[in-house]
Amino acid sequence: MNTSGCSADISFKFGCVQTRHASLYEKTGKAETALRFQKETGPALTARRSLNPTRILVLGFLIIIAVGSVLLMLPAATASGKGAPPLTALFTATSAACVTGLVVEDTLSYWSTFGHAVILALIQVGGIGFMTMTTLFSILLGRKITMRERMVISKSLNVDDLSGIIRLTQRVLLGTLVFEGAGAAVLSVVMARDYGVAGGIWRGVFHAVSAFCNAGFDLLGAEGGRYSLMHYAASPAVLVTVMALIVIGGLGFFVWGDIIAAPRRRRLQLHTKLVLATSAVLTFAGAALFLAEEWANPATMGAFPVWQKVLGALFQSVTTRTAGFDALGQAGLTGPSQAVTMLLMFVGGSPGSTAGGLKTTTLAVLLLCALTVVRGRREVSVFRERVSRTLVINAVALLILMAATVFFGSFIIAAGEDVAYSAALYETISAIATVGLSEGITPSLGALSRLTLIVLMFFGRVGIVTFGYAALARGENEPNIRYPEGRIMIG
């Protein structure tokens with residue numbers, strides 16, 4: 001909601017955001033909070049413009065990656081005891097903190113238990129956001145959470161205002177603990193049969209966190225042509241649990257709260273409706289396409305019984321939505337299945353979630369816009385509610401920026417490596433959408449290509465989610481004059 005002429009809360013241009021939030025609190029009867037906001041942020045926003053919420057989030061992720069890289073370079077972090085090379089450590093830390101899952105070394109065999117713990121910590125912090133973790137420690141220590149910190153938290157969770165932001169953060173933390181704990185319990189029981197009690201519990205916890213955060217890291221190793229969750233391709237308990245965690249983590253924190261509050265309000269908000277509808281269509285349509293194309297493919301599910309084929313197709317459709325676990329073997333997919341996989345990876349999950357990608361709601365807005373044009377209408381609407389033109393423009397711009405980034409990234413990799421362009425495109429989309437699925441070429445890439453993927457992973461987790469929207473929504477900077485409308489022919 002825009003109450004002061006500013007753009008949505010994704011843009012923090014100091015005077016504008018100060019007026020907007022102060023006005024918001026005054027209108028809701030919270031004058032004392034508004035005055036506290038003015039007192040806390042007025043001088044600071046004027047004197048320290050470089051420390052706006054977007055830059056704080058970017059800097060925070062850079063610090064997390066830097067610390068993770070240093071820890072992974074320690075001798076104790078590798079199984080060999082020699083420490084990881086800087087580029088290997090940087091790539092792994094970025095992939096973990098950006099919840100991607102692309103690796104240049106086998107996670108199980110290359111890293112030690114300490115290294116696994118570092119990776120797990122990076123996944124957890126990167127998945128739910130470092131500001132959420134900071135809030136947790138502040139609450140435990142009884143420290144006051146300032147208005148500036150509330151602004152950063154709202155930015156990291158992609159919510160529109162500061163009202164109840166701490167309560168929402170507490171619910172996010174509680175929900176994360178409950179879902180990951182339940183998933184870890186189920187996975188631990190199954191994996192304890194293969195790895196013993198201690199090994200099963202550790203793997204259960206690791207994979208539950210990795211699945212909920214849509215990271216795709218695993219501790220199952222590669223043997224006999226099997227890797228990732230191909231070890232458990234015939235285990236409904238593992239695949240269904242992992243799918244449930246992926247879906248819950250990918251829906252978004254706002255959607256959780258809206259669904260929980262729906263019985264009391266007797267309605268779902270438009271964002272939640274669009275997320276649920278788009279996610280359902282993508283999941284089941286993707287599964288149907290995979291099932292039809294891979295049914296008789298001996299390299300993937302050709303030898304599976306019918307129930308396992310259905311489960312495998314559904315899992316492939318879910319995991320492509322930025323999770324990165326593999327139960328079929330991506331290199332064995334047919335050409336059409338790879339195309340569907342890349343499309344689903346590109347779309348990704350939903351805003352304010354642990355997932356990356358273009359986002360389900362962005363795709364929905366773009367499709368609704370196209371349908372509106374075809375019908376000859378002027379306004380985009382869905383579920384009897386209107387979609388603002390600013391939102392449509394932002395969706396189009398985001399699509400163009402992401403597509404351009406994918407093109408240039410895949411071009412750099414294909415030009416510098418002896419790989420097919422389709423393989424380079426697959427890895428590039430997987431990186432920028434923070435998916436982690438791979439055709440197996442990442443470990444063999446050179447330094448420039450690895451650095452390219454590092455930048456793409458960082459941009460996919462931090463750039464698109466945080467300052468991407470802020471850079472596009474510039475309503476407060478529009479001039480006070482209006483130019484005459486020109487005519488341009490398109491189509």
Side-chain angles (χ1 to χ4, degrees), residues 60-61 64 68 96-99 101 116-143 145 149-150 152-154 156-159 164-192 197-198 200-219 237-238 240-262 272 275 318 322-325 349-355 434 461 465:
F61 269 99
I64 291 170
C98 297
V99 290
H116 296 156
V118 171
I119 292 172
L120 182 62
L122 290 171
I123 291 172
Q124 187 71 88
V125 174
I128 65 174
F130 76 92
M131 278 307 301
T132 305
M133 299 298 293
T134 301
T135 303
L136 171 62
F137 289 117
S138 296
I139 293 174
L140 293 176
L141 296 174
R143 190 179 68 84
I145 299 174
E149 291 172 333
R150 293 168 190 259
V152 181
I153 295 169
S154 69
S156 65
L157 295 179
N158 201 23
V159 294
I165 189 65
I166 301 304
R167 184 167 60 253
L168 174 62
T169 304
Q170 292 172 334
R171 290 176 179 174
V172 168
L173 291 168
L174 178 60
T176 299
L177 179 63
V178 170
F179 291 128
E180 289 181 351
V186 175
L187 295 177
S188 296
V189 171
V190 178
M191 294 181 177
V197 176
I201 293 175
W202 173 234
R203 284 170 174 79
V205 171
F206 189 97
H207 293 99
V209 173
S210 184
F212 181 80
C213 293
N214 283 216
F217 278 85
D218 69 90
L219 292 181
V238 172
V240 171
T241 300
V242 171
M243 280 193 292
L245 290 170
I246 292 170
V247 170
I248 294 171
L251 285 178
F253 304 123
F254 177 84
V255 174
W256 297 1
D258 196 30
I259 292 175
I260 293 173
T272 302
V275 165
V318 170
T322 84
F325 289 104
S350 302
S353 71
T354 58
T434 67
R461 182 67 180 104
V465 173

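When reading the values below, keep in mind they use all heavy atoms of this one structure, side chains included, and skip hydrogens, waters and symmetry mates.
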side-chain contact (heavy atoms from CB on, under 4.5 Å), that's the test. Do Thr272 and Ile259 meet it? Break it down for me.
CA-CA 8 Å; Thr272 302; Ile259 292 175; 4.1 Å; yes
Rounded to the nearest 0.5 Å, what separation is found between the CZ atom of Phe217 and the NE2 atom of His116?
10.5 Å
Do you know which two heavy atoms are closest between Glu180 and Cys213, and how far apart they sit?
OE2-SG, 3.9 Å
Does any non-hydrogen side-chain atom of Thr322 lie less than 4.5 Å from one of Val99?
no
What pair of heavy atoms forms the shortest contact from Ala97 to Arg461, and how long is it?
O-CG, 4.4 Å
Looking at CD1 of Ile123 and CZ of Phe206, how far apart are the two atoms once the value is rounded to the nearest 0.5 Å?
4.5 Å
Between atom CG of Asp218 and atom CZ of Arg203, what is the distance when rounded to the nearest 0.5 Å?
10.0 Å
What pair of heavy atoms forms the shortest contact from Ser350 to Val275, and how long is it?
OG-CG1, 3.2 Å
Measure across Gln124 and Val209 and return the closest heavy-atom pair with its distance rounded to 0.1 Å.
OE1-CG1, 3.6 Å
Rounded to the nearest 0.5 Å, how far does OG1 of Thr176 lie from CD1 of Ile248?
10.5 Å
What one should report as the nearest heavy-atom pair of Val205 and Ala184 is CA-CB, 3.9 Å
With rounding to the nearest 0.5 angstrom, report the CG to CZ distance, Leu177 to Phe212.
10.0 Å
For Val118 and Gly68 the tightest heavy-atom approach is CG1-O, 4.3 Å
Looking at CD1 of Ile246 and CG of Leu251, how far apart are the two atoms once the value is rounded to the nearest 0.5 Å?
12.0 Å
Less than 4.5 Å apart, side chain to side chain, heavy atoms only: is that true for Val318 and Val247?
yes
